[in-house]
Number of protein chains: 2
Amino acid sequence: MRSAKLRDIDLNLLVVLEVLLSERHVSRAAERLNMSQPAVSRALGRLRESFNDPLLIRTATGFTLSSRAVLLQSELDGLLRDIERVIEPPQFDPATDDTLIRITGLDMEVGLYFPALVKRVRALAPNMRFEVVRQELDSFPMLERDEVHFSLSGLAPMSAEHSLHRRALEEMNVVCLLADNHALAHAKMSAEDYANTPHGLVSITGRGAGSMEQVLAAHGLKRDVALRLAGFTSVADFLEDSDLVFTLPKRLAERIAEGRRLLIRPLPEPLQAAPVKFYLYWHERYHHDPRMIWLREQFMEVIFTT
Amino acid sequence: MRSAKLRDIDLNLLVVLEVLLSERHVSRAAERLNMSQPAVSRALGRLRESFNDPLLIRTATGFTLSSRAVLLQSELDGLLRDIERVIEPPQFDPATDDTLIRITGLDMEVGLYFPALVKRVRALAPNMRFEVVRQELDSFPMLERDEVHFSLSGLAPMSAEHSLHRRALEEMNVVCLLADNHALAHAKMSAEDYANTPHGLVSITGRGAGSMEQVLAAHGLKRDVALRLAGFTSVADFLEDSDLVFTLPKRLAERIAEGRRLLIRPLPEPLQAAPVKFYLYWHERYHHDPRMIWLREQFMEVIFTT
DNA sequence: ACTCACTATCCTAAAAATGGATAGCTTTTA
DNA sequence: TAAAAGCTATCCATTTTTAGGATAGTGAGT
C-alpha cells in the first residue's frame with residue numbers, strides 16, 4: 001500500500017525544503033516563501049525528523065548540504081515541477097487542441113444549430129474534430145454515460161438527473177405548416193378549424209409532444225393525429241398535397257418548407273402555446289472543463305450573433 | 001516564483017485524492033487511508049475547492065469522475081510514485097554500488113588500516129572504487145570541504161569543527177624504536193636515560209607531537225629533538241646505526257622495524273604516557289548516508305576481527 | 001412504506017502551525 | 001579585546017486546522 005510512506009511525511013514540507021536547499025539560509029528561504037523565520041526553522045526541524053538526516057549542516061560560512069540533501073535537491077526540482085504541472089488548471093489552447101467533440105441531437109435540431117458552430121470553431125481550432133452521434137430515444141443517458149459531450153434538445157430530463165447542466169439557446173414560437181393548397185391555407189384559421197383538421201406529429205421519443213393537446217383541452221377541444229413520424233426528414237413529402245397540418249417550431253417549419261409547396265401559418269390566436277425552448281445540455285463532468293467552457297461560449301456567440 | 005501555485009494547495013490531499021479516484025467511494029477510501037469517513041469527506045470537499053471542480057460526481061450508481069478528475073487520475077499515479085521514490089530512504093546495494101570512495105590519512109596510518117578494509121569491501125561491493133588522497137597538513141578541512149569521505153587520524157580537530165564525527169579504532173601504546181646497536185638497546189632504560197639521549201620525531205602537522213614533552217616536564221625532565229621528520233617513510237634509514245630514539249605507536253614501530261636492524265623497547269616505566277588513539281573521521285554530511293554507514297560498519301568489522 | 005447504504009454536516013475536542021520575542025552561537029567590526 | 005551584527009533554534013501564547021462521533025439527509029432497492 002503506497003500510502004504507507006507517503007502519509008508519513010507532510011508533503012507540503014517539500015516545497016519548503018526545495019527553497020531551503022537552494023538558499024541554504026533559513027531567513028532568506030522564509031522571505032521567499034512568505035513565511036516567518038521561526039516557521040521555516042521549525043519546518044526544517046520537521047524535515048530533519050522526517051528524513052532522519054540533518055539536511056542542512058552548519059559550518060563557519062553558512063549551511064552545507066548533507067549527501068542526502070544533495071540527492072534530494074537534484075530530484076526535488078523536477079518533482080515539484082511535475083506536481084505543479086498536475087495541479088495547475090489545465091491550459092486549453094484552441095490553436096493546438098485536437099479533442100474529438102461528440103454531440104448529439106435530433107437531426108433537424110442538429111442541422112439547425114451545429115453547422116454554424118462547427119464552422120466557427122474550426123476557424124479558431126483547426127485541429128478540433130467533431131462527431132455527430134445518432135441519438136437514442138433519450139439523449140440524457142448518453143450524456144450520463146459520457147458518450148457525448150453535448151446534446152441539443154427541446155426536452156427536459158424526466159428523472160432527477162441532477163448531474164446535467166443546460167443553457168437555453170432560443171425561444172421559438174410554434175407555427176402551423178401545411179400544403180399551399182390546403183383548405184385552410186389562405187383563410188384565417190379558427191381554433192375549431194385547427195382542431196378539426198387532421199394532424200401530423202413528429203415524436204421521436206413518444207413523449208414531450210403533448211403540449212398542444214393540453215392547450216386544446218383548455219378550450220374544450222381535441223384534435224385528431226392521423227400521422228405520427230419518427231423524424232423530420234419526410235415531413236414535407238407527407239404534407240404536400242395533403243390535408244394534414246403539422247405544428248412545429250418556427251425555424252424548423254421554415255427549413256422544411258423551403259422550396260416546397262408548403263405554407264406557414266400562425267397558430268389560431270386562442271391556441272397560442274408557450275414558445276418552444278431549445279437547450280444545449282452537458283454533463284456536470286465537463287462543467288469546469290476549459291475546452292468545454294470555451295465551446296459553450298462559442299456556441300452562444302454563434303447563436304446570438306446570427 | 002513556483003511556490004505561488006504549490007502553496008495554494010495542501011499537497012497531502014493528493015494522496016487522498018488518488019485513493020478517492022480509484023475507489024470512487026468515500027467510505028472505502030477512508031478505510032484504505034485509515035481515516036474516518038467524515039475526514040475523507042471533508043478532504044474531498046477541500047479538494048473540490050482547491051481544484052474548483054467537483055471531481056467526483058454523484059450518479060444513481062455511485063460516483064463518476066469529472067473530466068478533470070479523469071486527467072488527474074492518469075497523472076496522479078505516476079506523480080505519487082515519483083514522490084515516494086524521492087522521499088523514500090535511498091536504498092544501498094553493495095552488489096551494484098559504484099561509488100568512488102575517497103579516503104585520506106598519513107601514509108603509515110593508511111597503510112596500517114586501509115588495505116584490509118579495501119580488500120573486504122571489494123569482496124562484497126566489487127564495483128565500489130577507492131581513492132587514497134594525499135593529505136594536507138590538516139585533514140579536517142578536507143572533510144569539511146567534501147574532498148574526502150573519510151580521514152584516518154590520531155589527532156583531534158583543533159577548532160570547534162562540530163560537523164565531524166569519529167570512531168575510535170584502536171588504542172596503542174607508545175614505544176621506543178632504536179638501533180639494535182644503540183647504547184640503550186639492551187639495558188633497562190630509565191627516565192633519565194630516555195631524556196638524555198637524542199630524539200627523532202615525526203611531525204607532519206607540526207602540532208600534536210608534544211605529549212612526550214608534557215610527560216617529561218611532569219617529571220622535571222626535557223629531551224633534545226635532534227631530528228624532525230615530515231613522514232614515516234625514512235625513519236628506519238635514519239635510525240640504523242644512529243644514537244637517535246623515536247617514540248612511536250607500537251604497531252607503527254613494528255612496521256618500521258620489520259627486517260631492519262632496529263629494536264623496540266618499552267618506554268621507561270615512569271614515563272608511561274596515555275596510549276595513542278586512532279580515529280576514523282567523517283563529516284556530518286555522510287553521517288546518515290547508507291553507503292557510508294555500511295562502509296563504517298565494514299571498517300569496524302575489519303578492525304575488530306583481525 | 002421501510003430499510004439499507006452512503007455522503008455531508010454539525011459539534012466539540014485535539015493537534016498543528018504561526019508569529020513575536022529572545023537565548024545562544026559565531027563572525028565581523030570597531 | 002570588546003562590542004555589534006547576523007543568524008538559527010526555542011519558548012510561549014494564540015490562532016487555525018483537522019479529527020472523529022453522531023446524525024441528518026438523500027437516493028436505491030425491497
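In what follows, chains are A, B, ... by sequence order, proteins preceding strands, each numbered from 1.
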Legend entry - Residues which pass side chain to side chain donor-acceptor pair (under 3.5 Å) with S139(B), listed by chain and number, not counting sequence neighbours: S151(B)
Legend entry - Strand-adjacent residues in residues 43-53 of chain A, judged by heavy atoms under 4.0 Å from DNA chain D: L44(A), R48(A)
Inset, instruction - Can you sort out the partners of E75(B) under side chain to side chain donor-acceptor pair (under 3.5 Å), two or more places apart, ordered by chain and number? - result: R85(A)
Legend entry - Centroid-centroid under 6.0 Å between F140(B) and Y281(B) rings: yes
Legend entry - Nearest-Å distance for atom pair CG/P, residues L11(B) and dT18(D): 13 Å
Inset, instruction - With sequence neighbours left out, write down each residue that passes ring-ring contact (aromatic ring centres under 6.0 Å, His included) with F63(B), or none if nothing qualifies. - result: none
Show me the donor-acceptor pairs within less than 3.5 Å that the side chains of residues 35-45 of chain B make with the rest of the protein, sequence neighbours left out.
{"from": "S36(B)", "atom 1": "OG", "to": "A39(B)", "atom 2": "N", "distance (Å)": "3.3"}

Inset, instruction - In whole angstrom, give the distance that lies between atom NE2 of H25(B) and atom C1' of dG27(D). - result: 13 Å
Inset, instruction - Send over the distance from E31(B) CD to dG20(D) C1', rounded to a whole Å. - result: 16 Å
Inset, instruction - Report the distance from atom CD of E144(B) to atom C1' of dT26(C), rounded to the nearest whole Å. - result: 14 Å
Inset, instruction - Check the distance between dA17(C)'s P and Q37(A)'s CD and give it to me in whole angstrom. - result: 17 Å
Inset, instruction - For this output row, return yes or no: ring centroids of F150(A) and F130(A) closer than 6.0 angstrom. - result: no
Legend entry - M35(B) CE to dG20(D) C1', straight-line distance once rounded to whole Å: 11 Å
Legend entry - Whole angstrom value for the distance that separates C1' of dT8(D) from CZ of R28(A): 13 Å
Legend entry - With S153(B) via side chain to side chain donor-acceptor pair (under 3.5 Å) - residues at least two apart: none
Legend entry - For atom CZ of R24(A) and atom P of dC7(D), their distance in whole Å: 16 Å
Inset, instruction - Taking only heavy atoms on the protein side, list every residue of residues 54-65 of chain A lying under 4.0 Å from any atom of DNA chain D, sorted numerically. - result: R58(A), F63(A)
Inset, instruction - For E23(A), enumerate each residue passing the side chain to side chain donor-acceptor pair (under 3.5 Å) test, keeping only those at least two apart in sequence or located in another chain. - result: R28(A), R32(A)
Legend entry - Any S27(B) side-chain nitrogen or oxygen under 4.0 Å from OP1 or OP2 of dT7(C): yes
Legend entry - By side-chain contact (heavy atoms from CB on, under 4.5 Å) - contacts of Q73(B) (at least two apart): L21(B), S22(B), R24(B), L65(B)
